[in-house]
Every structure is written in C-alpha cells, then in structure tokens.
Amino acid sequence: MTEENLNPFQIVQQQISDAGKYLGLDSAIEEILKEPKRVLEVTFPVRMDDGTIKVFKGIRSQHNDAIGPCKGGVRYHPDVTVDEVKALSMWMTFKCGVVGLPYGGGKGGVICNPKELSQGELQRISRGYVEAIASIIGPDKDIPAPDVYTNAQIMAWMMDAFSRLQGSNQFGVVTGKPIIVGGSLGRDKATAQGCVFVVIKAAEKLGINLNGATVAIQGYGNAGSQAAFLLNKLGCKIVGLSDSQGGIYNPDGIDLDKVYEHKSRTRSCVNFPGSQSISNAELLELPVDILIPAALENQITANNAARVKAKIVAEAANGPTTPEASRILYANGTTVIPDILANAGGVTVSYFEWVQNLMNYYWSEEEVFEKLRTIMYNAFDNVYAASQQHQVDLRTAAFIVSISRIAEAIKVRGHV
Ligand code: GLU
C-alpha cells in the first residue's frame with residue numbers, strides 16, 4: 001500500500017501549485033488562492049423529536065469572491081470536516097471559473113447523519129444552520145445550494161429561514177429550490193446533464209461511439225442516477241452501479257426503471273435481482289468504456305488507479321481522484337474529465353436559477369438545457385485546447401483556464 005496524502009485541502013493546494021507553474025503565477029496570488037478568505041464555524045441547538053436538545057456543528061467556507069459572490073452547496077454528513085469544506089469551497093471557485101460564471105466559491109457542511117433524522121429534525125437543523133450563518137450569506141454575498149444528502153426541500157427551508165430574518169422573500173439566497181418557490185426547471189438534472197455534455201465531447205475526441213458504450217457509476221444518488229438515465233437514452237449500456245451499501249454488476253446491462261423501483265423500496269441498489277453483487281472498490285475496476293465516480297472524495301487513489309480500465313473517467317463527484325492517481329491515469333492514457341468541469345452543470349443551472357430569481361422571469365427547461373449545453377461545450381473546448389497547448393492532463397488544464405481568469409480579476413481590482 002502506498003502512503004498518500006488524502007487531505008482534500010492539501011490536495012487542492014497542490015493542484016493550484018501544479019497549474020500555477022504553467023501560468024507563471026504571481027506568488028501573492030498563489031498565496032491568496034491557497035486559503036479561503038473566510039471560514040465560519042458555528043454551533044446551534046436543535047430540539048429533537050424526543051424532546052431533547054442536541055447541539056450541531058456547522059461550517060461555511062468562503063474561498064474567493066474576486067469575480068462575484070461566493071457560491072456552493074451545503075453537505076450534511078457525519079464525516080464532514082473543516083478541511084474538507086475548505087477544499088470543497090476552493091474547488092467551487094475553480095469550477096465557476098472554468099465555466100465562466102460570475103461567482104467565486106463557497107461551501108458549507110453540517111455534521112449530522114441525515115439517515116437517522118426525521119423530516120422535522122432536518123427542517124429544524126436547516127433553519128438553525130441558516131440562522132447561525134445568516135450574517136455572511138445573501139443573494140449578493142454567498143448563495144448556498146444542495147450537495148451530498150441535501151435536496152430541494154432543505155433549500156426551501158433555508159430560503160424561508162433567511163427570508164423571515166430579512167422580513168421579505170429572498171428567493172435568490174439559495175439555489176436548488178423547488179420550482180414553486182423560485183427553483184429553475186432542469187436544476188435537478190443539471191449536474192448529470194452537464195456531465196453527459198462533456199462525456200459526449202470527450203467521446204468525440206477519442207472516437208468512442210456512445211451507442212453501445214459500457215458505463216459504471218459509483219454513487220446512485222442525485223447526479224449518479226440521473227447520469228445513468230441520460231447516458232442510457234444515448235444508447236450507453238449501464239453495467240455497474242453502486243451506493244453506500246455496495247454495488248451491482250450485469251455485463252448485459254441493468255434495467256434502470258427496475259433498479260430505481262428496487263432502490264425506492266429497499267433504500268439501496270444492492271441485491272438487485274439478476275445482478276452480481278460487487279463492492280464499491282470492485283466497481284471502479286470494471287472493464288467499461290466510461291466510469292463515473294459520483295460519490296465522495298478519494299475513491300481512485302495510488303492503490304487502485306492502475307487497475308482502472310475505463311477509457312473515460314468523468315468526475316461527477318468532487319475530488320474522487322487523488323493527485324497520484326491522476327498521474328497514473330494520465331500515464332495510462334485514460335482521459336479524466338475533472339470534477340471542476342465534469343460536475344459544473346449543477347452550479348451553472350444554479351446560476352440560471354439565481355438570474356431568474358433576480359429578474360423574476362422564468363425560462364423553459366429547453367432554454368435552460370440549451371444554455372447549459374453552450375456553456376459546457378465551450379468550457380470543454382477551452383480546457384481541451386489548454387491541455388494540448390501545455391501538454392498536460394485535463395485537470396491541470398482546467399485549473400490553468402480557471403486560475404488565469406481569477407488572477408486577472410484579482411489584479412484588475414488592485415488586490416495585488
Ligand atoms: N454542490 C454542487 C457542486 O458541488 C452545486 C453547487 C451549486 O449549485 O451552487 O457543484
């Protein structure tokens with residue numbers, strides 16, 4: 001086993017240095033980018049269903065706002081750490097930069113286990129968290145959104161809590177809301193749709209025909225399940241799926257309607273009739289054309305990267321591949337579409353949602369996806385061109401494209 005640094009905060013710092021070398025990045029700008037501008041840690045009491053009070057811990061990290069307000073999701077997970085949230089906020093800055101959104105990066109987290117919480121408890125936690133961070137968020141300051149184990153209902157509670165504090169509706173404070181309270185059509189499918197747009201571009205470059213291509217997806221959550229559905233519509237065969245309980249494999253293809261029904265009933269895709277049970281680790285090594293890690297960080301590491309057989313790895317998750325694993329995959333000729341590009345569809349449609357909230361005029365789903373397609377295709381082309389120009393992998397190229405934009409804003413504002 002290789003000892004590798006898996007701290008996501010240090011990983012993103014290394015990614016900045018790696019790309020900075022090609023840009024001749026000003027050392028003051030590098031220093032600015034390597035730390036968040038502001039990190040707020042809060043505790044807040046919540047009444048549980050049994051009448052007891054439990055004190056929860058929350059974090060909001062605001063990395064950089066040189067180009068616009070901070071933007072990024074809130075994660076509910078028992079293992080959330082400050083370093084993880086800081087790293088995720090930094091990836092948000094670079095994600096917004098790579099697709100050219102007028103945002104910087106932010107991220108939040110609450111240490112809790114949503115699987116053990118009732119809807120009432122989740123609502124009180126969401127309101128408590130927003131009240132605790134209210135002074136630093138707002139439509140022109142920092143705009144939270146869904147992330148791991150948070151959803152449209154939670155966003156509605158957060159928007160309502162903030163609106164009550166302000167004394168007026170503030171739909172633009174949070175994105176990923178239900179349609180009836182200012183959500184955007186297409187936001188629920190946006191991360192997956194954006195990922196599929198860049199997979200189409202990568203497949204084109206590599207001469208892979210998506211019709212009949214095989215796919216494995218780690219993480220059958222929002223992004224993973226929607227990506228499975230969209231790729232299947234393009235003719236791909238989904239042969240492997242997994243969630244936190246484990247995975248399933250069927251080389252003849254998994255029936256997505258049936259597995260959806262099975263997961264709704266049993267709360268997991270494991271033990272799906274007609275499929276072979278596999279572990280999450282085995283899923284990553286399946287003989288497929290396309291692998292989509294859509295779960296958590298540090299899944300493809302120095303220990304398993306050499307056994308990844310996919311030709312395209314599209315990172316729907318944030319930070320699923322370590323720097324050492326990225327090097328191994330690049331050397332083996334695997335095309336990795338990095339997280340800050342592959343999953344940028346979510347924040348892009350969040351941006352559309354925020355724009356619609358600010359102007360109170362709403363678009364059709366077709367308009368949303370048309371605009372998303374243009375942004376994702378352009379972003380892919382820019383990143384691909386940078387990778388050719390500098391002879392680097394797509395991740396380094398994506399950081400190069402993004403950092404050069406942010407650096408320009410920092411300079412022109414006179415911060416350095
Ligand atoms: N949590 C998503 C991400 O990591 C979406 C963020 C947003 O929509 O602001 O990109």
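Bear in mind that the values here come from a model prediction, so they are computed numbers and not experimental data. Start at 1 and go down the list; that is how both ligands and their atoms are numbered.
In terms of protein heavy atoms, atom 5 (C) of ligand 1 is closest to Arg187 NH2, 3.6 Å. The single protein non-hydrogen atom nearest to atom 8 (O) of ligand 1 is Ser350 OG, 2.5 Å, given as residue, atom name and distance. The protein atom (non-hydrogen) at minimum distance from atom 9 (O) of ligand 1 is Lys71 NZ, 2.8 Å. Nearest protein neighbour of atom 7 (C) of ligand 1, counting heavy atoms only, is Ala145 CB, 3.3 Å. Lys95 NZ, 3.3 Å is the protein heavy atom nearest to atom 3 (C) of ligand 1.
Each of the following atoms of ligand 1 lies closer than 4.0 Å to a heavy atom of Lys107: 1 (N), 3 (C), 4 (O). Here is the list of ligand 1 atoms found below 4.0 Å of a heavy atom in Gly346: 8 (O). Within ligand 1, the atoms closer than 4.0 Å to a non-hydrogen atom of Asp147 are 1 (N), 2 (C), 4 (O), numbered from 1 in the order shown. Against a heavy-atom cut-off of under 4.0 Å, Met92 is close to the following atoms of ligand 1: 3 (C), 4 (O), 6 (C), 10 (O).
Using cut-offs of 30° and 60° for the angle between ring planes, the Tyr149 and His77 rings count as parallel. Note: Trp354 and Tyr351 have tilted aromatic rings, judged against thresholds of 30 and 60 degrees for the angle between ring planes. Ring geometry for His390 against Tyr22 counts as perpendicular: the plane angle is over 60°, on a 0 to 90° scale with 30° as the lower cut.
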task: Apply the test side-chain contact (heavy atoms from CB on, under 4.5 Å) to residues Lys107 and Asn318: give CA-CA distance (whole Å), side-chain angles for both, the deciding distance (0.1 Å), then the verdict.
output: CA-CA 12 Å; Lys107 198 78 168 203; Asn318 290 308; 3.7 Å; yes

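Under the 4.0 angstrom criterion for non-hydrogen atoms, Gly72 is in contact with ligand 1. Contact annotation: Arg75 has no heavy atom less than 4.0 Å from any atom of ligand 1.
Within 6.0 Å of NZ in Lys309 there are more than 12 heavy atoms belonging to other residues, nucleotides or ligands. Sparse packing is recorded around CZ of Phe229, with 12 or fewer heavy atoms of other residues, nucleotides or ligands lying under 6.0 Å away.
The side chain of Asn318, and not its backbone, has at least one atom closer than 4.0 Å to an atom of ligand 1 (non-hydrogen atoms only; side chain from C-beta on). Contacts of Pro146 with ligand 1, taken as heavy-atom pairs under 4.0 Å, involve the backbone alone.
What you find for Val383 and Ala397 is that their closest heavy atoms are O-CB, 3.3 Å. The minimum heavy-atom distance between Cys70 and Asp65, with the atom names listed, is SG-CB, 4.0 Å.
Cation-pi geometry between Lys201 and Tyr384 is not met at under 6.0 angstrom from the ring centre and within 45 degrees of the axis.
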